[in-house]
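It should be emphasised that the depicted structure is a prediction, and the values quoted were computed from it without experimental measurement.
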Amino acid sequence: MSQPDLIHLPLSALSISKHNMRRGRKAPDVSDILPSIRSSGIRQTLLVRREGEGYGIVAGRRRFFALQQIAKESGDDPLVPCAVMAEG
């Protein structure tokens, strides 16, 4: 099995993957991780896979929702550290 590529992707290029096990659930409460992400940024990469024009998040859904909230407050489209799964 090959190692995933580590890259930074714009938040706007990400969405929840159909392969994410919590995909259909309501937006999670991220109040517990927001302070940490605001002060230190993302400490663990999101696991993503190529899906159409963008990337689907396989693991890291709560971090994604926290980043969306921070981006909405700041008006930015931040770069997000991601591990991109190999095709197939």
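Counting non-hydrogen atoms of neighbouring residues, nucleotides and ligands closer than 6.0 angstrom, the CD atom of E73 exceeds 12 such neighbours.
Summarising the geometry of A66 relative to I37, their closest heavy-atom pair is CB-CD1, 3.7 Å, with the distance given to 0.1 Å. Taking every heavy atom of both residues into account, V30 and R62 meet most closely at CG1-O, 3.4 Å. Heavy-atom minimum distance, I70 versus R38: CD1-CG, 3.8 Å. The shortest non-hydrogen separation linking F64 to S15 is CZ-CA, 4.2 Å.
Linking ILVMFWY side-chain heavy atoms closer than 4.5 Å, directly or via other members, places L79 and L67 in two distinct hydrophobic clusters.
Looking only at distances, no side-chain donor or acceptor of R49 sits under 3.5 Å from a matching main-chain atom of S17. With hydrogens and angles disregarded, a donor-acceptor distance shorter than 3.5 Å links the side chain of S39 to the backbone of S36. Of the possible polar contacts, none joining the D77 side chain to the P10 backbone as a donor-acceptor pair under 3.5 Å is found.
Expressed to the nearest 0.5 Å, how far CD of Q69 lies from CG of L34 amounts to 4.5 Å. In this structure, CD1 on I33 lies 7.5 Å from CZ on R63, to the nearest 0.5 angstrom. One finds the CZ atom of R43 at 14.5 Å from the OG1 atom of T45 (value rounded to the nearest 0.5 Å). In this structure, the separation between CZ on F65 and CD1 on I16 is 5.0 Å, given to the nearest 0.5 Å.
Partners of D29 by salt bridge (Lys or Arg N to Asp or Glu O under 4.0 Å), not counting sequence neighbours: none found.
Under the 4.5 Å side-chain criterion, counting only non-hydrogen atoms from C-beta, H8 is not in contact with C82.
With respect to the salt-bridge test (charged N to carboxylate O, under 4.0 angstrom), the residues D5 and R50 do not qualify.
Only one option out of V58, V80, L14 pairs with V48 in a side chain to side chain contact (heavy atoms under 4.5 Å, CB included); it is L14.
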